Amino acid sequence: MSQQTWQDREGGQRAASPSPHTSDGSGESEESHLLRTRRQKLESLRERGIEPFAYRFDRTHPSSRALAGFEDAEAEGRLDDEGRGERVRVAGRIVSWRGHGRSAFAHLEDGYGRIQLYFRLNVLGQERFEDLELLDLGDWLGLEGPVFRTRTGEVTVLVESWTLLSKSLRPLPRGKEEVDAETGERVVHSGFADVQSRYRQRYADLAVNPEVREVFRVRARVVRSLRDFLDDRDYLEVETPILQPLYGGAAARPFTTHHNALDMKLYLRIADELYLKRLIVGGMERVYEVGKDFRNEGIDRSHNPEFTMLEFYEAFADYRDMMTLVEQMLERAAREATGSPVVTYQGTEIDFSPPFRRVSFVEALNQALGRDLHEMTDEELRDRAREEGVEERLEGMGRGRLMDKLFGALVEEELVDPTFVVDYPVELSPLAKPHREDARLTERFELFVAGRELANAFSELNDPLDQRARFLGQVQLREAGDDETHPVDEDYLRAMEYGMPPTGGVGIGVDRLVMLLADQPSIRDVILFPTLRPEEGQGE
RNA sequence: GAGCCGGUAGCUCAGCUGGUAGAGCAACGGACUUUUAAUCCGUAGGUCCUGGGUUCGAUCCCCAGCCGGCUCACCA
């Protein structure tokens, strides 16, 4: 928003009828005015010999400890004659300011909370008190002084000296808030609410909305809990390629990129699966990986193009063993993230206490269809999918995908409490072992919670001949027009030919788990920097 | 992708049947040495998302587009 642009406009028809509020070429936007004012303060600070960007500060007390320390001292009668507790050195960002002539109150926010500051002319001296005029909301300050309690009862640092740690040159989009005297609720009078801006400028969102920081603390606890759970069971954490010459392990469209030196096309992985199972072949009996997968598909409140997946594989286990593991793992994650296995998600209680409900894929779908799936032709399935409002082009879609679409349309949203859907049709699961009792099915389960898929697992297919046949079946589907089929991976087949033990494997969508445990409605709320269209003038 | 809702000051939002915009907070100047949504006096700040159209006149009505949110459908 340059001055030039403004003048160009003023030169147009508007100039014919100038209003008293229209500036005459010296005009600048409010935003640039705010920025300019702060830069001028920065210059003034330097002129007064104050370095606006410090190197370090010795903090003795996080705000929370300064508050607690004073209250302890007060309770134990350790305050001095003037009612003051120990001297503290605190540091943080100025988030409110109330000037009173020869004194001023402010609030300082740090990573542990907030504490009030009290500045007085006769404590700081004329010069240092006047320097305060060059401070702004958002500045980082280090302060030293004794802690006391004000007449209105708030524990406060009486500032005896202060150091500017970093000058803020851009005002934070901070609103005002108060606590309702009657209800005790926090009322935000205005704030940083524009969803797009909050994701785009997550730094400002975090700075202004403390509850957002808490979401990401929960996220860290969840991920640590998952790792601890597996580490406790002698799993080894590994890292496998993100850049892959061939993608696989899921039905999804990949991102592609290019390596210049090798002059070759590379894919960003859509799943960790095939590499982790190669490790099982190699004798690493229990492995897991937490990392980003990338799928070149739509974005909505439960899908981000890059997302975090946990996959773990255990030799000598089958999918029933893995169900038990998943139950235990999620119960622990819920407890460690929220303190209870029962969490409230968007107003609905969800209980992660084992055992989870189990329903058969075919039975659940048969019930929803009112017919036996196995007696329906592909064409009947397609017609039914169309009736149920599946709006995709169904023509090239194989039988498996049709069933999956129908299941998604008819059954998934009913699955609120953690529910294992078990024994998927073989067409849907090219990497899963055939069911030991019904060759039309595979030993596979998906876990649904709150109507969304949270985990996917199977008794891993370890017969290389069967695996090759399944891959070839996928090729046929691709030729029929399905663009989310699994490609043939010869290297993976070679690995399996060396001999792969029976193995149970699980994939868990970590972002979605965090959504549940942090009670967040959108995946973007649990990803610090979600994928967004670039701002104007950036990117392509 | 479809439907609904929205885009006005740095932030949060008003703006009547069409007469070229207001408030609170933030900012700036002033008063105020225990305030806490501090208060009081004053000042400044706008491509009303973009482009067309209708009209004497459009923030407002019409059309198209861009961006976002929600709901529905789908890939974890």
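So you know, we letter chains A, B, ... as the sequences are listed, proteins then strands, and number each from 1. Given the structure is predicted, the values throughout are model-derived calculations rather than measurements.
Atom CD1 of A:Ile299 and atom P of B:C70 are 13 Å apart (whole Å). Remark: P of B:C28 and CG of A:Leu135 are 11 Å apart, rounded to the nearest angstrom. Atom OH of A:Tyr199 is separated from atom C1' of B:C67 by 16 Å (rounded to the nearest Å). Between the CG atom of A:Leu137 and the P atom of B:A38 there is a distance of 10 Å, rounded to whole Å. In this structure, the NZ atom of A:Lys292 is 19 Å from the P atom of B:A76, given to the nearest Å.
A salt bridge between A:Asp136 and A:Lys167 is present, with a side-chain N of the basic residue lying under 4.0 Å from a carboxylate O of the acidic one. The pair A:Arg213-A:Glu109 meets the salt-bridge criterion, since a charged nitrogen lies less than 4.0 angstrom from a carboxylate oxygen. Using a 4.0 Å cut-off between charged side-chain N and carboxylate O, A:Arg358 and A:Glu327 make a salt bridge. Taking 4.0 Å as the cut-off between side-chain N and carboxylate O, A:Asp205 and A:Arg200 do not count as a salt-bridged pair.
Here the side chain of A:Ile523 is nearest to one of B:C28, B:U35, B:A76, namely B:A76.
For the pair A:Arg524 and A:Pro530, the tightest heavy-atom approach, listed with the atom from each and the gap, is CG-CB, 3.7 Å.
For A:Arg48, the CZ atom is densely surrounded, since the number of other residues' heavy atoms within 6.0 Å is greater than 12.
Mapping A:Thr150 and A:Glu306 onto RNA chain B by nearest heavy atom places A:Thr150 closer to the 5' end of the strand. Positionally, the nearest nucleotide of RNA chain B for A:Thr156 lies more toward the 5' end than for the other of A:Val195 and A:Thr156.
Residue A:Asn296 is classed as having no contact, given no heavy-atom separation below 4.0 Å to the nucleic acid. Among the protein residues, A:Asn304 comes within range of the nucleic acid bases, having at least one heavy atom under 4.0 Å from a base atom. Among the heavy atoms of the strands, none lies under 4.0 Å from A:Glu446. When heavy atoms are screened at a 4.0 angstrom cut-off, A:Ala251 is found touching the sugar-phosphate backbone but no base atom.
Judged by Watson-Crick or G-U wobble contacts below 3.5 Å, the nucleotide B:C25 has B:G10 as its partner. Under the Watson-Crick or G-U wobble criterion, with both distances below 3.5 Å, B:C61 is paired with B:G53. Base-pair partner of B:C4: B:G69 (Watson-Crick or G-U wobble, both distances under 3.5 Å). If you check B:U34 for Watson-Crick or wobble pairing at under 3.5 angstrom, you find it has no partner at all. B:U17 is unpaired under the criterion used here, namely a Watson-Crick or G-U wobble arrangement in which both key atom distances are under 3.5 Å.
Put simply, A:Lys41 has no side-chain N or O that comes within less than 4.0 Å of OP1 or OP2 on B:A27. Considering only side-chain N and O atoms, A:Arg301 lies nowhere under 4.0 angstrom from the phosphate OP1 or OP2 of B:C70. At least one side-chain nitrogen or oxygen of A:Arg524 sits closer than 4.0 Å to the OP1 or OP2 atom of B:G69.
Going from the C1' atom of B:G10 to that of B:C28 covers 14 Å, rounded to whole Å. A gap of 45 Å separates the C1' atoms of B:G69 and B:A31, to the nearest Å. Taking atom P in both B:A23 and B:C41, one finds a spacing of 14 Å when rounded to whole Å.
A cation-pi geometry, defined here as NZ or CZ lying under 6.0 Å from the six-membered ring centre and within 45° of its normal, holds between A:Arg444 and A:Tyr424.
Side-chain N/O atoms of A:Glu154 and base N/O atoms of B:U34 include no donor-acceptor pair closer than 3.5 Å.
Side chains of A:Arg452 and A:Ser302: no donor on one and acceptor on the other come within 3.5 Å.
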Which pairs, protein N/O on one side and nucleotides 29-33 of chain B N/O on the other, fall under 3.5 Å?
unit_1: B:C32; atom_1: N3; unit_2: A:Gly101; atom_2: N; d: 3.1
unit_1: B:C32; atom_1: N4; unit_2: A:Gly101; atom_2: N; d: 3.2
unit_1: B:U33; atom_1: OP1; unit_2: A:Arg102; atom_2: NH1; d: 2.9
unit_1: B:U33; atom_1: OP2; unit_2: A:Arg102; atom_2: N; d: 3.2
unit_1: B:U33; atom_1: OP2; unit_2: A:Arg102; atom_2: NH1; d: 3.0
unit_1: B:U33; atom_1: O4'; unit_2: A:Ser103; atom_2: OG; d: 3.2
unit_1: B:U33; atom_1: O2; unit_2: A:Arg120; atom_2: NE; d: 2.9
unit_1: B:U33; atom_1: O2; unit_2: A:Arg120; atom_2: NH1; d: 3.3
unit_1: B:U33; atom_1: O2; unit_2: A:Arg120; atom_2: NH2; d: 2.8

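Residue A:Trp97 is tested with A:Tyr118, A:Phe105, A:Phe119 for a ring-ring contact (aromatic ring centres under 6.0 Å, His included); the sole match is A:Phe119.
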